[in-house]
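Report on the structure given below.
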Amino acid sequence: MRWAACPLTLTLALLVAWWSTGGCTREEAAVDDLSRRLTELGYAELFLELGDETLDSLWHTPGVPARLAALSGDLSAPAEARFLAAETLFRRDSSALTEARKAALAPAYAEALRHAALANPWGLPGTLDGPAGQHVVSLGEPAVAALTPLLTDGRPVLYAGSAEATFGNSYRYRVKDLAAFLISRIRGLSYPVHLSPVDRDTEIARLGASL
């Protein structure tokens with residue numbers, strides 16, 4: 001009887017462990033924990049600090065590189081976490097971002113642009129000098145479909161720093177200005193950047209009609 005009970009005891013123990021993690025595996029729970037950690041840190045702490053201590057500490061944690069790759073391709077994960085996972089991989093191991101993962105990341109990058117607290121990572125319209133902007137352009141055509149709804153988003157974006165902030169903020173750039181410029185770079189289209197928001201709206205409408 002003692003031996004017959006062992007499988008039942010083991011099964012119950014496994015069920016308890018499974019239930020305690022919300023019905024997910026240990027690895028899935030670890031990916032969920034990483035997702036929360038990324039969003040707690042945020043873009044600024046991960047990528048805009050003077051040193052790379054935070055990013056290095058995260059990257060060198062055992063198991064994290066593989067979990068970042070899994071998280072970047074997890075369509076059920078929060079968009080912000082997927083964006084931050086992808087940004088980390090672009091910097092540390094871009095080979096982990098397969099073409100399938102890149103295609104699936106386009107909506108996460110569009111959401112990140114929509115809610116960007118700081119515009120510097122996306123660059124200035126006319127100059128593709130921000131890492132997030134460069135990365136979303138590298139996603140190719142799937143990013144066009146994801147960014148197109150942002151062509152009507154008039155929320156202002158803010159630049160920090162010195163020259164970039166002075167120039168960017170004086171133009172009163174908006175989410176749609178960045179979206180339009182990024183789409184034009186993906187498609188290889190000419191896109192003049194006007195000083196006046198009204199003139200830029202005319203250019204954005206022309207671009208939108210051509211998509």
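This chain uses plain numbering: 1 for the first residue, then up along the sequence.
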Does some side-chain heavy atom of [Y] sit less than 4.5 Å from a side-chain heavy atom of [X]?
{"X": "Leu68", "Y": "Trp59", "result": "yes"}
{"X": "Asp32", "Y": "Leu71", "result": "no"}
{"X": "Tyr109", "Y": "His135", "result": "yes"}
{"X": "Thr61", "Y": "Leu34", "result": "no"}

Task: Contacts of Phe181 that satisfy ring pair (Phe, Tyr, Trp, His ring centres under 6.0 Å) - sequence neighbours left out - done: none
Treat each ILVMFWY residue as a node, draw an edge where side-chain heavy atoms are under 4.5 Å apart, and state whether [X] and [Y] are in one component.
{"X": "Leu48", "Y": "Leu113", "value": "yes"}
{"X": "Leu189", "Y": "Val144", "value": "yes"}
{"X": "Val157", "Y": "Leu195", "value": "yes"}

- [ ] With Tyr173 as reference, evaluate Leu158, Leu178, Leu124 under the side-chain contact (heavy atoms from CB on, under 4.5 Å) test and give the passing residue.
- [x] Leu124
- [ ] Over all heavy atoms of both residues, which pair between Pro131 and Glu87 is shortest? Give the atoms and the distance, please.
- [x] C-OE1, 4.4 Å
Open item on the list: For Arg172, is the CZ atom crowded, meaning more than 12 foreign heavy atoms sit under 6.0 Å from it?
Closed with: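 No, the 6.0 Å shell around CZ holds no more than 12 heavy atoms from other groups.
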Task: Nearest-0.5 Å distance that lies between atom CG in Leu147 and atom CG in Asp153 - done: 11.5 Å
- [ ] Taking only Lys NZ, Arg NE, NH1 and NH2, and the carboxylate oxygens of Asp or Glu, determine whether Asp56 and Arg92 approach each other closer than 4.0 Å.
- [x] yes
Task: Short N-O contact, Glu203 and Arg206, less than 4.0 angstrom - done: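 Judged by the 4.0 Å cut-off on N to carboxylate O distance, Glu203 and Arg206 do form a salt bridge.
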